[in-house]
Amino acid sequence: MARPIWFVNLVKKYFPSRFSLARLTKLPVVGRAIDYGLFEGDDIIYLPKDDVIQINEPVTQPEDMVLPSQVLEHFIEEATHHWIMNFCICRDASGCQDYPIDLGCLFLGDSVLDINPEFGRLASKKEALAHVRRCRDAGLVHLIGRNKLDTVWLGIGPGHKLLSICNCCPCCCLWKMIPEIDSSIAHKITKMPTVSVAVTESCVGCGLCVEGVCFVDAIRMDDEFAVIGDACRGCGRCLEICPADAIELSFDEDLSVKESIQRLSPLVNLS
């Protein structure tokens, strides 16, 4: 049954407590229960921002470029139903001052037909594509995948008929709790296949990249040099903040988009 407004307001009230919930996942019995109830079957991919990638092979024309956002475009074209939320629950709950609260998630699949109509609206493919472009223009980072938590707080289902496209900011994102959550759950939220992020010798040790930029606290300073750890999800936000252009993100244009689509397609039936 679709959730009423009072339920979602309750979720927003307790949203800041998500870090405490995340720490509970490390308790053996409690953790398994939380995993089953909120994260079972999840597979979510961070997509790098289109404007920070470095293509392995040169291309002759911009229109020939394969970009991370083409993963979104593929599933938007595949889906029969599209739903644009009129708010981002994470930014709304956090009172975000830096990014638009009204740029909410895009949900795809038959399950969107059960969402409370007060939370958003059905949209055409054209409108859905325009929505994700507006999110990118606002500096938000896309996540795409099957996310059981969305079926829970929205009160809809089945999960295999809902694909979530989140548009996240670094200050309010749900997945800022990844450093606190048990690895069995954290491993369900990954970087895009073949994506690599590295710090070059141009690093000047300014430390800006460790000051609230990374979603998952994957960057640390080591002897006045930035080091990116295995927790990196490859969003590319650190590239934008680096004044020395000392961070590089690359991906294999022949494999990244193709493998992402192949990985997510069996999880959700969109037609």
Side-chain angles (χ1 to χ4, degrees), residues 35-36 38-50 52-57 65-83 105-112 125 128-129 131-132 135-136 140-152 156-168 173-175 177-178 181-198 215-216 218 228-237 249-271:
D35 187 10
Y36 176 77
L38 300 179
F39 306 107
E40 182 190 29
D42 281 6
D43 191 354
I44 303 168
I45 299 174
Y46 270 99
L47 299 183
K49 301 177 74 173
D50 285 353
V52 301
I53 66 165
Q54 296 167 351
I55 304 297
N56 285 354
E57 296 294 333
M65 293 180 68
V66 177
L67 298 171
S69 62
Q70 289 177 294
V71 176
L72 307 183
E73 294 168 4
H74 169 85
F75 287 108
I76 289 171
E77 292 291 342
E78 285 279 306
T80 304
H81 300 102
H82 314 74
W83 181 278
C105 290
L106 173 68
F107 295 118
L108 309 177
D110 288 353
S111 291
V112 307
K125 292 181 180 180
L129 290 167
H131 178 71
V132 294
C135 292
R136 286 196 294 277
L140 301 173
V141 171
H142 300 305
L143 285 78
I144 181 171
R146 182 168 170 176
N147 188 355
K148 186 174 183 178
L149 195 58
D150 286 328
T151 68
V152 174
I156 60 175
H160 70 274
K161 291 191 176 183
L162 184 74
L163 187 70
S164 299
I165 297 174
C166 297
N167 309 294
C168 295
C173 180
L174 168 72
W175 298 112
M177 66 181 181
I178 283 178
I181 210 164
D182 188 76
S183 61
S184 62
I185 298 174
H187 289 161
K188 300 179 183 184
I189 304 96
T190 65
K191 67 175 65 172
M192 192 178 188
T194 80
V195 163
S196 175
V197 184
F215 284 92
V216 293
I228 299 177
D230 293 339
C232 172
R233 284 345 191 243
C235 71
R237 193 178 293 275
L249 185 152
S250 61
F251 83 144
D252 189 319
E253 63 170 325
D254 292 326
L255 293 177
S256 288
V257 170
K258 181 179 179 181
E259 289 188 6
S260 296
I261 291 172
Q262 289 177 339
R263 179 171 135 191
L264 296 176
S265 291
L267 301 178
V268 180
N269 180 4
L270 295 178
S271 59

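Reckoned from all heavy atoms, side chains included, excluding hydrogens, waters and symmetry mates.
With sequence neighbours excluded, the residues that form a side chain to side chain contact (heavy atoms under 4.5 Å, CB included) with His81 are Asp110, Val112, Leu113. In terms of the ring-ring contact (aromatic ring centres under 6.0 Å, His included) criterion, Phe107 has no residue partners (sequence neighbours excluded).
A 4.5 Å side-chain heavy-atom check between Phe75 and Ile165 finds every atom pair outside the cut-off. The shortest side-chain heavy-atom distance between Lys125 and Glu77 falls under the 4.5 Å cut-off. Side-chain contact between Cys232 and Val216 is absent, with no heavy atoms from C-beta onward closer than 4.5 Å.
Expressed to the nearest 0.5 Å, how far CG of Asn167 lies from CG of Leu140 amounts to 6.0 Å. Separating the CH2 atom in Trp175 from the SG atom in Cys168 is a distance of 9.5 Å, to the nearest 0.5 Å. We find the SG-CG distance between Cys105 and Leu163 to be 11.0 Å, quoted to the nearest 0.5 Å.
Residue pairs meeting the side-chain hydrogen bond (donor to acceptor under 3.5 Å, both in side chains) criterion with at least one member in residues 258-271, sequence neighbours excluded: Asp43-Arg263, Thr190-Arg263, Asn269-Ser271.
At distances below 3.5 Å, not a single donor-acceptor pair connects side-chain atoms of His142 with backbone N or O atoms of Ser69.
Each of Leu267, Val268, Thr151 was compared with Leu162 under the side-chain contact (heavy atoms from CB on, under 4.5 Å) criterion, and only Thr151 meets it.
Pairing each heavy atom of Lys188 with each of Asp35, the nearest pair is NZ-OD1, 2.7 Å.
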